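Let me begin by presenting the structure, written as structure tokens, before commenting on it.
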Amino acid sequence: MLSLLRRSKGMTSFLAHIVPSKFANPIPTANFARPLVPFSHPIWNHHHLYCCSLLCSRSIGCYSSFSGSARGMASVQGVQDPESISYLKQNEAAEIDEILMGPLGFSVDQLMVYKPSECSRVLAICGPGNNGGDGLVAARHLYHFGYKPYICYPKRTSKPLYNGLVTQLESLSIPFLSAEDLPMDLSDSFDILVDAMFGFSFHGTPRPPFDDLIQRLVDLHNPDQRQSRSTAIISVDIPSGWHVEEGDLSGDGIKPDMLVSLTAPKLCAKKFSGPHHFLGGRFVPPAITEKFNLQLPAYPGTSMCVRIGKPPKIDISALRENYISPELLEEQVEADPLDQFQKWFDDAIAAGLKEPNAMSLTTAGKDGKPYTNYGSRKAHQLSENPYAALLFYWDALNRQVRVEGPVEKVPEEESEHYFHSRPRSSQIGAIVSQQSSVIPGREVLRQEHKELEAKYSDGRPIPKPKNWGGYRLKPQQEAAEIDELLMGPLGFSVDQLMVYGSSTCNRVLLICGPGNNGGDGLVAARHLYHFGYKPFVCYPIRTPKPLYTRLLTQLESLPIPFLSVEDLPLEFSRDFDIIVDAIFGFSFHGIPRPPFDDLIQKLLSCKSSDQIHKRSAAVVSVDIPSGWHVEKGDTNGNGIKPDMLVSLTAPKLCAKRFCGEHHFLGGRFVPPSILEKFKLHLPPYPGTSMCVRIGKPSVADISTSNNNYTTLIKEYLETDPFDQFQKWVDTAVAAGVKKPYSMALSTASRDGKVSSRVVLLRKADKQGFMWLTSYESRKAQELDENPYASILFYWDILNCQVRVEGPVVKVSEEESDEYYDNRAREIQIRPLISNQRTVIPGRQVLHQRHEELMEKYSHGNSIPRPKHWGGYRLKPELFEFWQGEESHVNLKLRYTRKHVDTGTEWEIHGLSK
């Protein structure tokens, strides 16, 4: 029964685009800007904990990426105030569950986890009811996501759904352990324990073997167990043995590290005191939300779960990772650095990075202090010192590219051409934003924007302001520097590479046939509704199978219109932005019969030559374009020409004939036995990605890219910029920013030539911002000559930047020693190996030196801190907080340190853009 739904998860994830953000605005010393090169879309990786790549939901086939966004934020969003949402009593939880699992046809699906590189051994302890089903589905996903799951399922349920899950798990060779097979101390053998034994319907005292299993979980967090490394406990919906409303009555129950609530938190969740509480309940239909007056959080983008409460505080000094990056082989390096840049840029696009064209722009004034509208500060500095550095930072690939060289203005004609290729709202934004101008408040900008929109509402051309235009940096060959950081495995995911964002292409028509492809379309419609699209379903010949009947019931519980063939417009492109062709699959033979012959003809007309001059709806075909031969493709040349093909399980032979822009594969669920039997060669699915792009992405015109924005700047600001910075950092961590403490450090030489690189913040307090490096590096040499720097934090999924400027000093020897001595031994060895700026014959020299030092210090003797390694601290004189808006009327808040005693240490100004 679930085979169809697993097929659909590979398909529906594509229609969950995360809209790219636009940051073409300045940040002190380092500014994020956009070159005219292709762009792609985002990925998700949670910083530090990596929890929530799997989702807890009770819904048939609720397969999706769990990349959410705050306007498309690829992350798990957070609810800062836990009291702002509803908590269910036991009777309410039972009634809602009965509705979801009965009339609405929902069933058990998906769960949440920790980072597999650190916590790979997972034991799922499954009870006989729905919570046990959650544990079984979680185990299946965990296997595919790189974990090593084990299952303890003492009391098996005879229902077909559960039998099917067990069969699937056995096909994956996931070990089933009896209660007797388990070790007495579970922490000896497992990193994570999923408590999926009992839910809200449980009453009374647990009976064997669950009483013993619960006691083992309790014992793990006893004080006398704390000397050893403790296994993390994740409870599904309710910690087993707790009262659904009153919680741990005896005080001696399970103390989970994470609670994953389903549908809505139960009242007992208020008594949960662990560090991580998540809610998976996006599938709840509006009728239930209204009936029970549920106050549930928003699920932005395609996120299927949300954090409840603030994330735990993180010690940034402990964030150093063991970095493993793909080898940069000397023989594979291009002789021309521009070719090498293009190769890496293509890699960034293929990896699904959010905005690979975002770059840090560094300039310096004639005073040498390192810091696009010609009236801006960076323009002023370029007029004094026409030299700049660009820095591209692709964190998921552990790569940086730095380019330096002289800068010149582009011709006025080129600026005119680019200006008029921008959306009209963006053109108006350029007029409104007088960069670096002090304004009394954001409303001034918004009001001027409204007035200009009204002025130019008749469609006449908007004149380019004289103070706005382009610059071009001409790279110097010797200065084009490619730095591959040793920063960890490729953790990218391409779940959300769909190019049709819900903000611009939200009207979706799903044409569903009578078979499995039609079922894919029905499931896709449900997801699309929850992800912010406006789906319409045409399902002319309905299938009476229970699975399809339940899907229809679920869709009818949502305000999703069903259209008959007669209801459809003659031209699809008039009323719809996207057409999902889910009519026929690989089992189809012969000639399409009514009404599908006519529907296919209408799809053809979307791409006919007489429609080219008109706006055309995008056509997305599921597995096989309807009417194509499964092997030979479009045999007569007159078939559907889809813009996107979403292959399922493995591409069919006809996919070789597909020539559209976007080809994706959803087939992660295929068990090894099938791979071996059919000798399938399928691509790896990194991270928690449920789909992968086949072939290179198309080149997109970034000049036309628009973005949705989430506002962080509020009316009530902190008077101290350090407090404001901490507030934004907390938001970035809660949003799942992968490396919120990565910062672009910009320095300048004595003659004012600037350079930038990404480093990690190690400490932030009222004394300043500290980082660590080699005192023999280029940045150290420049700081010796010119002890002033700028640091830039760029959190793309939040559309915000923070820039900090000030003088720089070395930290004391004692502070450097303290930090060095607290690092892991393998990390302590690295400064002994890396003599920055030293030319080496090849990477193998570094590997050999590393092995020698590991052997030298293998006996536990202390590793001395090298004298050339230590810390610097920037003492802020200026903070700027930049927040983007959809109208491109962006706002900066500038804090400048007062040097006179006026009762406050910092002065705040609101600046235009």
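These numbers come from a predicted model, not from an experiment.
Formation of a donor-acceptor pair under 3.5 Å by the K291 side chain with backbone atoms of T289 is not found in this model. Side-chain N or O atoms of H277 include none that pairs as donor or acceptor with a backbone N or O of P275 at under 3.5 Å. Between the S187 side chain and the T231 main chain, no donor and acceptor come within less than 3.5 Å of each other. At least one donor-acceptor pair under 3.5 Å links the side chain of N131 to the backbone N or O of V236. Not a single donor-acceptor pair under 3.5 Å links the side chain of R526 to the backbone N or O of L555. Listed for the D237 side chain is no donor-acceptor partner under 3.5 Å among the backbone atoms of S261. A donor-acceptor pair under 3.5 Å is formed between the side chain of K266 and the backbone N or O of A264. Under the 3.5 Å distance criterion, the side-chain polar atoms of S557 are matched with a main-chain donor or acceptor of Q554. Side chain of D257 to backbone of I233: a donor-acceptor contact under 3.5 angstrom is found.
Looking at residues two or more places apart in sequence or on another chain, you find a side chain to side chain contact (heavy atoms under 4.5 Å, CB included) between K271 and W242. Remark: S250 engages D248, D252 in a side chain to side chain contact (heavy atoms under 4.5 Å, CB included) (not counting sequence neighbours). In this structure, the side chain to side chain contact (heavy atoms under 4.5 Å, CB included) partners of D212, at least two apart in sequence or on a different chain, are R216.
Here the side chains of Y539 and Y548 are in contact, with some heavy-atom distance below 4.5 Å. Contact of the P672 side chain with the Y143 side chain is registered, since non-hydrogen atoms from C-beta on lie closer than 4.5 Å. Here the side chains of D211 and T205 are not in contact, with every heavy-atom distance at 4.5 Å or above. Within the 4.5 Å cutoff, the side chain of W795 has no heavy atoms near those of the T731 side chain.
Side-chain contact check for D181 and Y150: no donor-acceptor pair (N or O, by modelled atom type) lies under 3.5 Å. A donor-acceptor pair shorter than 3.5 Å can be found between the side chains of D195 and S240. A donor-acceptor contact closer than 3.5 angstrom links the side chains of D730 and Q726.
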Exercise for review: Evaluate the criterion side chain to side chain contact (heavy atoms under 4.5 Å, CB included) for residue pair L220 and L193; output intermediate values, then yes/no.
Suggested key: CA-CA 10 Å; L220 285 175; L193 299 173; 3.2 Å; yes
Practice item. Would you check, one step at a time, whether the test ring-ring contact (aromatic ring centres under 6.0 Å, His included) holds for F198 with F210? Key: CA-CA 9 Å; F198 301 127; F210 297 109; 5.2 Å; yes
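Residue K148 places its NZ atom among 12 or fewer non-hydrogen atoms of other residues, nucleotides or ligands, all under 6.0 Å distant.
Residues L123 and C152 come closest through the heavy atom pair CD1-N, 4.0 Å.
The structure places CD1 of I151 at 4.0 Å from CZ of F176, a figure rounded to the nearest 0.5 Å. Note that the CG atom of L547 and the CG atom of L522 stand 9.0 Å from one another [nearest 0.5 Å]. In this structure, CG in L279 is found 8.0 Å from CG in L262, a value given to the nearest 0.5 Å.
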